[in-house]
Amino acid sequence: MDYNFTEIEPKWQKYWEENKTFKTIDDFSKSKYYILDMFPYPSGAGLHVGHPEGYTATDILSRYKRMKGFNVLHPMGYDAFGLPAEQYAMQTGTHPATTTQKNCDNFRRQIKAIGLSYDWDREINTTDPRYFKWTQWIFKQLYNTWFDHEQQKGRPISELPVPEEIIAEGKEAINKYISQKRLAYYDNAQVWWCESCKTVCANEEVLTDGAHEKCGNQVIRKNLKQWLLRIPHYSERLLDGLDGLDWPTGIKDMQRNWIGKSTGADVDFEVEGLNEKLRVYTTRPDTLFGATYMVIAPEHKLVNAIVTEDQKEAVEKYQTASALKSDLDRTDLAKEKTGVFTGRYAINPVNNQPIPIWVADYVLMGYGTGAIMAVPAHDTRDFEFAKQFNIPIICILDPKEVEGREEILAGNKCWYEDGVYINSASDETGLKINGLNKAEGIKKTVEWLESKNIGRATTNYKLRDWLFSRQRYWGEPFPVIHWEDGEVTLVEDENLPLELPALEKYTPGESGESPLVNAEEWLIVTDKNGRKGRRETNTMPQWAGSCWYYLRYIDPLNEKGIFDVKKEQYWMPVDLYVGGAEHAVLHLLYSRFWHKVLFDLGIVSTDEPFQKLFNQGMILAFAYEAANGSKVSSDLVEEKGGKYFHAETGGELKQIVAKMSKSLKNVVNPDDVIQKYGADSLRLYEMFMGPLDERKPWAEKGVKGVFNFLARAYRFFADTTNIVEETEDKEIAKLLHQTIQKVEFDIEHLKFNTSISALMIFNNLVIKKGKVSKNTAETFAKILAPFAPHVAEEFWEFYGHKQTLAYENWPNVDKGLLVENTFEYPVSFNGKTRFMKELPLNLQIPEMERAVLADERTAKWLEEKQIRKIIIVPGRIINMVIG
RNA sequence: GCCCGGGUGGCGGAAUUGGUAGACGCGCUGGAUUCAAAAUCCAGUUCUGGCAACAGAGUGCGGGUUCGAUUCCCGCCCCGGGUACCA
């Protein structure tokens, strides 16, 4: 009986498809389980073996949960807007929709060949007008929502209270006021611009070295009219929500860092000879006594007022210079700090001392107030700056028993941890914190500031407004019209979706406009009064479609609404969401933001979308490196006796592990693996490689290993002569139930590698025994089914069943079979295991002691030694302390 | 620099969370089968010494706690990811 996977697998894939085996019914009486994969961008290259890693894991869990009686929602779709299809259109004139369609068809074919149990009737595609109609609809909700900070909740814009004085100013002022509150707004924004892609990018899409994440080109700053979303309003909610989620701590930490909450105080400083106050934000108001200078950002609006006549030239020169610098230059840590004295002094409110005001670009306009008080003794950046410009450094926090304390007290070393205040009291102002520690100092100083009305406790966040438009064709059009009189209106719901016009040319406008400006007929609109308007030519970023797709799977064909309310209440939240960690902050933060807005508006029933998140690790591949460190393409590598050589130069190469890449020619295509070993082997190997969340290299030899397991299992379990109608052998029965238990536990904990190992161990035993009862064989087929569903269905049919086993009950563990009467104890002397001794588990400790002492092997280890102590842990170990 | 992960045989990785380190798989060695090979089956395989029984060493490094540490604590080193003048 040969394991003929090329026959078995298409047979069952056809069966599942024809019988709609995995169609999900909205049966509200059953317990639900919503298990979601991050949907792919359908690239022209097709799947690589990294995709099926997460997909297989969720498929195993889905199949298992079905057998456990759950109603499982397990859908797939495509995040299909994106630049590659548009770039291809520019080169060839092929409509992006055509390219996208083709790529999706290929992805679907590849995914189906893996035997994944998706409900294909729920497939969605973000570029489908029936889908993006609702993306546009959500945009309208964002536009028509404001955030009530008091209630910490998004509310309809119609409920926004407008102050009397604004109403008095008239309609224009009211509209302006309202637009300042909308979660989506249109404004001039300093944005990142990629000259090669001819589009703006969100902060998050710019890498730390200033390169565009998508293309690697260096981005520049540009001022453009853009759509932005006020995600920072939801900072606190986004932070709070994390606590209740079952997510990897690393991802939660990354989101927390990204939101970047900090608490401190705003403090107002009088400026000498000027009727202006300089407001700073500090997290360390307690160190005010140590403030020896102040810094304002070069773009600060008070710079011109503060700078004195004789410093004017130098400051202006500095402002110009830093305006020209890219953000990369400004944030490059390697460089030295720069700055210029303004010539003017501020008054430190805690002791009325004048301190110089400097302009320096290490202070950023976009955070806090764009101005700081500098405490060089207790802040490393200020310390560096003060050293450079010979500004006094006054230590006000005694670190006490710390190495280098003298240096710190002398102001030669920076100290930013806790301590006891010194030099921190003023009779004149009444603030005295000497002797207190950091926490007490902060509290007392803030109270003092507030009582004098010169400062207040404040919270700041790093999170910025989300730049939500792109100068692209292949994205969702904004349902927005800009009228000639300046009014902005949204397209009526009944006129959604607003579809993309056909274009002849996909090249973007030079001035930074999207290709949509070329579609004149689409672009220009006239209302019933003859007023002319122009449609928004920007389109939404790719994040838009992926922000809410998990909601559409719930009711994908609904034409009347975004989804049915009852269905949403039944299926949400997503119970398990599996995907790559590269979406840790972007997609997952954006999604959570939209979801919370929809929740506040009463559209969805849960505050958070994804209850449990799991990140699969990246699949890497072997690559080869020459002696000089250069990488060698895999097709030029020859293996001889476990060593690797360059096919042309003959030089020995080192095997390394690297990301799969076209240039290294080490990309593995699942199609090839399936052709050679079958889908069940592909699935098994994806899971057997190692823990799901770890990065690990693909090794074809490993695929062979799991293939051997399936082939061995097939030869045994598909052979009638091995399957007998008898009561089961005791050893097999016991191991079978241990295996059920192990597999079940491991699936629940997403430890698929060890569950497969357990199945192998069982397989090895029955083959050794030579025969097995029919009942056992059927049970084995069931527990194998989530992992290798094709071959499991084949066994099931072979044992005479007419229906799929996809909905058979998961076998129960017979606990009675697992009870052990004896245990083989490792007997150790001083912690070193010396021999094994089997003892009944019901033996009392003194009896056990006697039994071990009576053992002749014990005597050997006791020669000339005394027993000091005997440690016995029933069911675990026996250890004798001798000496 | 800071925040997360992670370092275990020739390789991928196990270890019920303090109790026999190396499950399972790959590779390798020997044997069976075969004219031969592939496939398959059986045995062995952490390292060092020994024919063997056995002995010693061993989970990145150095300390510590413990009868007992891959697991807990302290101090380092290396690799991966994130972040970066956020006051």
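Below, all heavy atoms of this structure are taken into account, side chains as well, without hydrogens, waters or symmetry copies.
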Next item on the list: Please find out if less than 6.0 Å separates the ring center of A/Y714 from that of A/F5.
Entry: no
Margin query: Over 60° means perpendicular and under 30° means parallel, so tell me whether A/Y677 and A/F707 are parallel, tilted or perpendicular.
Written below: perpendicular
Next item on the list: Please determine if A/D268 and A/R456 form a salt bridge, counting it only when a charged side-chain N lies under 4.0 Å from a carboxylate O.
Entry: yes
Margin query: Please report the distance separating the P of B/A87 from the corresponding atom of B/G6, rounded so that it comes out in whole Å.
Written below: 28 Å
Check: For RNA chain B, what dot-bracket results from Watson-Crick or G-U pairs at under 3.5 Å, with [ ] for crossers and | for inter-strand partners?
Finding: (((((((..(((......[....)))((((((.......))))))((((....))))..(((((..]....))))))))))))....
Next item on the list: Answer with base, sugar-phosphate or nothing: what part of the nucleic acid does A/D693 contact at a heavy-atom distance below 4.0 Å?
Entry: nothing
Next item on the list: Locate the shortest heavy-atom distance separating A/V303 from A/A297; write the atom from each residue and the value.
Entry: CG2-O, 3.5 Å
Note to self: Between B/C73 and B/G27, how far apart are the two C1' atoms, rounded to whole Å?
What the structure shows: 39 Å
Anything under 3.5 Å between a protein N or O and an N or O of nucleotides 55-59 of chain B, put it in a table, one pair a line.
unit_1	atom_1	unit_2	atom_2	d
B/G56	OP2	A/R834	NH1	3.0

Note to self: Without decimals, in angstroms, what is the distance between A/K462 NZ and B/A87 P?
What the structure shows: 7 Å
Note to self: With a 3.5 Å distance limit and no angle check, can you tell me whether A/N753 reaches the backbone of A/L692 through a side-chain donor-acceptor pair?
What the structure shows: no
Next item on the list: Any chance you could list the contact pattern along nucleotides 12-23 of chain B? Use B for base contacts, S for sugar-phosphate-only contacts and - for none, protein heavy atoms under 4.0 Å, 5' to 3'.
Entry: BSSSB--BB--B
Per-pair distances, 0.1 Å, donor-acceptor, side chain in residues 283-294 of chain A, under 3.5 Å, sequence neighbours excluded:
unit_1	atom_1	unit_2	atom_2	d
A/R284	NE	A/D286	OD1	3.1
A/R284	NE	A/D286	OD2	3.3
A/R284	NH2	A/D286	OD2	3.0
A/D286	OD2	A/Y421	OH	2.4
A/T287	OG1	A/R284	O	2.7
A/T292	OG1	A/P392	O	2.9
A/Y293	OH	A/Y362	OH	3.1
A/Y293	OH	A/D382	O	3.0

Could you give the side-chain donor-acceptor pairs of residues 868-883 of chain A under 3.5 Å, partners two or more places apart or in another chain?
unit_1	atom_1	unit_2	atom_2	d
A/N879	OD1	A/G831	N	3.1

Check: Tell me: NZ of A/K337 to P of B/G1, nearest whole Å?
Finding: 16 Å
Notebook entry, point to check: For B/U70, does the O4'-C1'-N9-C4 (purine) or O4'-C1'-N1-C2 (pyrimidine) torsion place it in syn, i.e. within 90° of 0, or in anti?
Noted result: anti
Check: Nearest nucleotide by nearest heavy atom, which residue falls closer to the 5' end of RNA chain B, A/M254 or A/T369?
Finding: A/M254
Note to self: Taking the basic N atoms (NZ, or NE/NH1/NH2) and the acidic carboxylate oxygens, is any pair closer than 4.0 Å for A/E731 and A/K768?
What the structure shows: no
Notebook entry, point to check: For A/M618 and B/G6, what is the distance between atoms CE and P respectively, to the nearest whole Å?
Noted result: 17 Å
Notebook entry, point to check: Which whole number of Å gives the distance between the C1' atom of B/U83 and that of B/C67?
Noted result: 46 Å
Next item on the list: Would you kindly give the CD-to-C1' distance between A/E384 and B/A84, to the nearest whole Å?
Entry: 13 Å
Note to self: Please give the distance between the C1' atoms of B/A57 and B/A21 as a whole number of Å.
What the structure shows: 14 Å
Next item on the list: Identify the heavy atoms of A/A265 and A/V446 that sit nearest to each other, and give their distance.
Entry: CB-CG2, 4.2 Å
Margin query: Between B/G44 and B/C54, how many Å separate the two P atoms, rounded to a whole number?
Written below: 15 Å
Item checked: Inter-residue atom distance A/L759.CG - A/T739.OG1, 0.5 Å rounding -> 7.0 Å
Next item on the list: Report the distance from atom CG of A/L735 to atom P of B/C24, rounded to the nearest whole Å.
Entry: 11 Å
Next item on the list: Take A/N257 and A/R284, find for each the nucleotide of RNA chain B with the closest heavy atom, and name the residue whose nucleotide sits nearer the 5' end.
Entry: A/N257
Notebook entry, point to check: Distance between the P atoms of B/A38 and B/G31, in whole angstroms?
Noted result: 14 Å
Next item on the list: Take atom CG of A/L364 and atom C1' of B/A84, then tell me their distance rounded to the nearest Å.
Entry: 11 Å
Margin query: Counting the atoms with a prime plus P, OP1 and OP2 as sugar-phosphate, which does A/N460 contact under 4.0 Å by heavy atoms, base, sugar-phosphate, or nothing?
Written below: nothing
Check: Do the ring planes of A/F780 and A/F709 sit parallel (below 30°), tilted (30 to 60°) or perpendicular (above 60°)?
Finding: perpendicular
Next item on the list: Measure from CD on A/Q655 to P on B/C11 and round the result to the nearest Å.
Entry: 10 Å
Check: Would you call B/G9 syn or anti, using the 90° rule around 0?
Finding: syn
Checklist line | Nearest-Å distance once atom P is located in both B/C35 and B/G50 | finding: 41 Å
Item checked: With sequence neighbours excluded, residues passing side chain to side chain donor-acceptor pair (under 3.5 Å) with A/D746 -> A/K742, A/T754
Next item on the list: Could you check how far CZ of A/R712 sits from P of B/C24, rounded to whole Å?
Entry: 12 Å
Margin query: Taking only the P atom of each, what is the distance from B/U59 to B/G7 in whole angstrom?
Written below: 14 Å
Item checked: Heavy-atom closest pair, residues A/R712 and A/N764 -> NH2-OD1, 2.9 Å
